[in-house]
Peer 1: 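My structure is below; once you've seen it, I'll send some questions.
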Amino acid sequence: MSKDNKLLLKKDVVILGAGASGLMCAIEAGKRRRSVLILEHMNKTGKKIRISGGGRCNFTNTNLGPDNYLSANPHFCKSALARFTPYDFIGMVERHGIEYYEKEKGQLFCRGNSGNILRMLQKECQSAGVEIRLNCTIGGITKTDNFSISTDSCTIQADSLVIATGGLSYPELGATDMGVRIAKRFGLKVTQMKPSLVPLVFGSQELKMYGKLSGVSLDAAVGCKRNRVRGEILFTHRGLSGPAILQVSSYWDRGDEITIDLMPDRDAYGLFMLRRTSRIELSNLLSEYLPRRFSHKWCELHSPSKPICQHTEKELKHRAYLLHHWKIRPEATEGYKRAEITSGGIDTDELSSKTMETKKVPGLYFIGEVVDVAGQLGGYNLQWAWSSGFVAGQYA
Ligand SMILES: Cc1cc2nc3c(=O)[nH]c(=O)nc-3n(C[C@H](O)[C@H](O)[C@H](O)COP(=O)(O)OP(=O)(O)OC[C@H]3O[C@@H](n4cnc5c(N)ncnc54)[C@H](O)[C@@H]3O)c2cc1C
C-alpha cells in the first residue's frame with residue numbers, strides 16, 4: 001500500500017497513452033524484458049488508429065524524408081526515422097499477414113480495415129508481456145529517485161516514464177493536454193501549438209459567395225506564404241477542405257491569405273484565345289475543364305454572361321488571372337475538433353533525438369504527436385509515432 005492507502009505497484013516502465021506511439025514503445029521495451037504498464041484513460045486502445053485513413057489506416061509512406069515534417073528543428077526527426085523506417089513497419093505488417101496496397105505516392109493502406117493494425121499491435125504487446133490498464137484516471141506525478149504516478153486505483157513507481165498522450169485534436173477520441181501539462185510541470189519548453197491538417201473556414205462574404213458549392217471538388221494548386229501544395233480541394237458548407245487545403249493548413253496562421261490556382265496545368269488565357277471568335281459562353285467553356293457547378297458560380301460572380309467573342313482581350317486576361325490567382329483570407333480553421341493532427345508541442349531542444357529522453361529529467365521520455373514534429377498528410381504521422389516509439393522503447 002502507498003501513503004494514500006492505494007495499491008502500490010512497481011514497474012520498470014510506465015507509458016501514458018495506449019495510442020500508436022505508446023503501443024510501439026511498449027512492445028519494444030517489453031521485448032527487452034522490462035516490465036511495462038500502459039495507462040490509458042479511454043475504454044479502448046488506439047482509437048485514432050481505428051479511424052485513421054478513413055478506416056483503412058494509411059500506416060506509412062515509402063517516400064518519406066525529413067522534408068515531410070514540420071518542426072522548429074527540421075533535423076530532429078531524422079535519427080528515429082532512420083532507425084525504424086517505413087520498411088521496418090511494413091516488415092511487421094507482413095509478418096502478421098496483413099494485406100495492404102499503395103494508394104498513391106507511396107501511401108500504404110490496409111486492404112481490410114485499420115482494426116488489423118491495432119490487433120497486430122495488441123498481439124505484439126501481449127507476447128511482449130505488456131500490461132494495459134484502460135479507463136484509468138491519472139493524478140499527480142512526482143519524481144525522486146524514480147517516478148511515482150498516482151491513479152484512481154493505484155500508485156505506481158517506475159524507473160522510466162514515457163509520455164505518449166498524443167496531440168490535442170479529436171478530444172472525443174481521448175485527446176487531452178496532459179503531455180503538455182507534464183512537460184511544464186517538469187520545466188520543459190513547449191512550442192506554440194495549433195490544429196493542423198484541418199479544413200479552413202470562409203469569412204462571411206466568401207461563405208455567401210461559395211457556400212452553396214458544398215460537395216464540389218477540383219484539382220488545384222494552393223499556396224500559403226512560400227509553400228505550394230498540389231491536389232484536390234473540396235468545398236464544404238463552411239469553407240474549404242480536401243487534401244491540398246488540409247496540407248496548406250499546417251502553414252496557415254490567422255490573417256494569412258491563401259492563393260488558389262484553379263487551373264494549375266493549363267493556361268486559361270491561352271484557352272480563351274483558342275476560342276476567341278466562338279459564341280460559346282465563358283461558363284460553358286470553363287465547364288470543359290472545371291466542375292460545371294463551380295464554373296457557373298464563378299462566372300456569375302466574375303464574368304457577365306455573354307459569348308466569349310464579345311469579351312475584350314483585357315477582360316479575358318483579367319479573368320484568366322483570377323482563375324490562376326483566387327485569393328482568399330480564411331477566417332479560421334475548423335479547430336481541434338476536426339484537425340487530423342496538432343502541430344507544435346514539446347520543444348525538441350529538450351529531447352535527445354536518439355532516445356527521445358528529456359535532457360533535464362533522466363528517465364522521462366516524450367514520443368509521438370505530443371512532440372513538436374508534425375507530418376504532412378499521407379501516413380507520415382503514424383510513421384513518426386512508430387519510429388519515435390520504437391527508439392524510446394530501446395532505452396526506457
Ligand atoms: C481522423 C484522423 C485520421 C488520421 N489518419 C491518419 C492516417 O491515415 N495516417 C497517419 O499517418 N496519421 C493519421 N492521423 C494522425 C495519427 O492518428 C496520429 O498522428 C497518431 O495517432 C499519433 O500517435 P500518438 O501515439 O502520438 O497519439 P494517439 O494515437 O492519439 O494516442 C494518444 C493516446 O493517449 C491517450 N491519452 C490522452 N490523454 C490521456 C490522459 N490524460 N490519460 C491517459 N491517457 C491519455 C489517448 O486516449 C490515446 O489513446 C489521423 C488522425 C485523425 C484524427
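The model shown is predicted, which means the values in this text are computed figures rather than measured ones. Whatever order the structure lists them in is the order used to number ligands and atoms, beginning at 1.
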Peer 1: Evaluate the ring planes of Tyr321 and His318, with Trp represented by its six-membered ring, and classify them as parallel (under 30°), tilted (30 to 60°) or perpendicular (over 60°).
Peer 2: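 Ring orientation, 0 to 90° scale: parallel.
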
Peer 1: Could you see which bit of His41 sits under 4.0 Å from ligand 1, with heavy atoms only: side chain, backbone, both or neither?
Peer 2: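 The answer is both, backbone and side chain.
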
Peer 1: Suppose we measure from atom 29 (O) of ligand 1 to each protein heavy atom; which comes out shortest, and what is that distance?
Peer 2: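 Scanning the protein heavy atoms, the shortest distance from atom 29 (O) of ligand 1 goes to Ala20 N, 3.3 Å.
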
Peer 1: Can you confirm, on distance only, whether ligand 1 has an N/O atom lying under 3.5 Å from any N/O atom belonging to Glu40?
Peer 2: yes

Peer 1: Kindly confirm or rule out an N or O of Asn58 lying under 3.5 angstrom from an N or O of ligand 1.
Peer 2: yes

Peer 1: Among all protein heavy atoms, pick the one closest to atom 16 (C) of ligand 1 and tell me residue, atom and distance.
Peer 2: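 The answer is Leu382 CD2, 4.0 Å.
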
Peer 1: Aromatic rings Trp326 and Phe294: how do their planes relate, parallel, tilted or perpendicular, breaks at 30° and 60°?
Peer 2: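 Geometry flag for Phe294 against Trp326: tilted rings.
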
Peer 1: Taking 4.0 angstrom as the limit, do Glu315 and Lys306 come out as a salt bridge?
Peer 2: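 Looking at Glu315 and Lys306, the cut-off is met.
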
Peer 1: Name the option, out of Ala18, Gly379, Gly19, Ser169, that contains the heavy atom nearest to atom 31 (O) of ligand 1.
Peer 2: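 Comparing heavy atoms across Ala18, Gly379, Gly19, Ser169, the nearest one to atom 31 (O) of ligand 1 lies in Gly19.
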
Peer 1: Considering only the protein, which heavy-atom contact is closest to atom 34 (O) of ligand 1, and what is its distance?
Peer 2: Gly17 CA, 3.3 Å

Peer 1: Looking at CG of Leu323 and CG of Leu271, how far apart are the two atoms once the value is rounded to the nearest 0.5 Å?
Peer 2: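 Separation between the atoms: 9.5 Å.
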
Peer 1: Only heavy atoms of Gly166, strictly under 4.0 Å: list the atoms of ligand 1 that pass.
Peer 2: 26 (O), 27 (O), 32 (C)

Peer 1: Considering the heavy atoms of Asn381, write down every atom of ligand 1 situated less than 4.0 Å from one of them.
Peer 2: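 Under 4.0 Å from Asn381, ligand 1 has these atoms: 11 (O), 12 (N), 19 (O).
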
Peer 1: Among side-chain atoms of Ser343 and Ser196, is any donor-acceptor pair under 3.5 angstrom?
Peer 2: yes

Peer 1: Using heavy atoms and a 4.0 Å limit, tell me yes or no: is Leu16 in contact with ligand 1?
Peer 2: no

Peer 1: Any N/O of Ser52 closer than 3.5 Å to an N/O of ligand 1?
Peer 2: no

Peer 1: If you have a sec, work out which protein heavy atom is nearest atom 53 (C) of ligand 1 and how many Å separate them, to one decimal?
Peer 2: Tyr170 CD1, 3.3 Å

Peer 1: Short N/O distance, under 3.5 Å, between Ser21 and ligand 1?
Peer 2: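 Between Ser21 and ligand 1, an N or O pair is found under 3.5 Å apart.
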
Peer 1: Does a side-chain N-to-carboxylate-O contact under 4.0 Å join Lys225 and Asp253?
Peer 2: yes

Peer 1: Provide the number and element of each atom of ligand 1 under 4.0 Å from a heavy atom of Met42.
Peer 2: 47 (O)

Peer 1: Answer with yes or no whether Ala164 contacts ligand 1, where contact means a heavy atom under 4.0 Å from a ligand atom.
Peer 2: yes

Peer 1: Quiz question: by atom type and distance under 3.5 Å, do the side chains of Glu340 and Ser169 form a donor-acceptor pair?
Peer 2: no

Peer 1: With a 4.0 Å heavy-atom cut-off (strictly under), which part of Glu369 contacts ligand 1: side chain, backbone, both or neither?
Peer 2: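 Near ligand 1, Glu369 shows its backbone as well as its side chain.
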
Peer 1: Would you call Asp261 and Arg266 a salt bridge, taking side-chain N to carboxylate O under 4.0 Å as the test?
Peer 2: no

Peer 1: Side chain or backbone of Tyr380 under 4.0 Å from ligand 1, or both, or neither, by non-hydrogen atoms?
Peer 2: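 It is the backbone that touches ligand 1; the side chain stays farther off.
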
Peer 1: Can you find an N/O atom of Ile341 closer than 3.5 Å to an N/O atom of ligand 1?
Peer 2: no

Peer 1: If you count the atoms of ligand 1 from 1 in the order shown, which ones are under 4.0 Å from a heavy atom of Gly174?
Peer 2: 36 (N), 37 (C), 38 (N), 46 (C), 47 (O)

Peer 1: Select the closest option to atom 42 (N) of ligand 1 among Ile38, Ile138, Val373, judged by heavy-atom distance.
Peer 2: Ile138

Peer 1: Can an N or O of Gly53 be found at a distance shorter than 3.5 Å from an N or O of ligand 1?
Peer 2: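 Yes, Gly53 has an N/O under 3.5 Å of an N/O on ligand 1.
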
Peer 1: Need the ligand 1 atom indices (1-based, order shown) with element for anything under 4.0 Å from a heavy-atom of Ala385.
Peer 2: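 Taking each heavy atom of Ala385 in turn, ligand 1 has 23 (O) under 4.0 Å.
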
Peer 1: Under the 6.0 Å and 45° cation-pi test, does Lys317 pair with Tyr269?
Peer 2: yes

Peer 1: Backbone N or O of Trp252 within a donor-acceptor pair of the Lys194 side chain at under 3.5 Å?
Peer 2: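 Checking the backbone N and O of Trp252 against the side chain of Lys194, a donor-acceptor pair under 3.5 Å is found.
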
Peer 1: Between Asp219 and Arg230 (salt bridge meaning N to carboxylate O under 4.0 Å), is one present in this structure?
Peer 2: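 Yes.
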
Peer 1: Closer than 4.0 Å to some heavy atom of Gly368 - which atoms of ligand 1 meet that?
Peer 2: 26 (O)

Peer 1: Please state which protein non-hydrogen atom is closest to atom 38 (N) of ligand 1 and give its distance, to 0.1 Å?
Peer 2: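 Ranking protein heavy atoms by distance from atom 38 (N) of ligand 1, first comes Thr176 OG1, 2.6 Å.
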
Peer 1: Closest non-hydrogen protein atom to atom 1 (C) of ligand 1, residue and atom name please, with distance?
Peer 2: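 Result: Ile51 CD1, 3.2 Å.
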
Peer 1: Check whether the ring centres of Phe89 and Phe59 lie less than 6.0 Å apart, and answer yes or no.
Peer 2: yes

Peer 1: Are Val36 and Ile15 packed together at the side-chain level, in the sense that at least one heavy-atom pair is separated by less than 4.5 angstrom?
Peer 2: yes

Peer 1: Where is the nearest protein heavy atom to atom 17 (O) of ligand 1: which residue, which atom, and how far?
Peer 2: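 Its nearest protein heavy-atom neighbour is Lys48 CB, 3.8 Å.
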
Peer 1: Should Glu131 and Arg133 count as an ion pair when the cut-off is N to O under 4.0 Å?
Peer 2: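 So Glu131 pairs with Arg133 through a salt bridge.
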
Peer 1: Can you tell me if His96 and Arg119 form a side-chain donor-acceptor pair at under 3.5 Å?
Peer 2: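 No.
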
Peer 1: Would you say the side chains of Ser287 and Ser295 form a donor-acceptor pair under 3.5 Å?
Peer 2: yes

Peer 1: Report the nearest protein non-hydrogen atom to atom 50 (C) of ligand 1: residue, atom name, distance rounded to 0.1 Å.
Peer 2: Glu340 CG, 3.3 Å

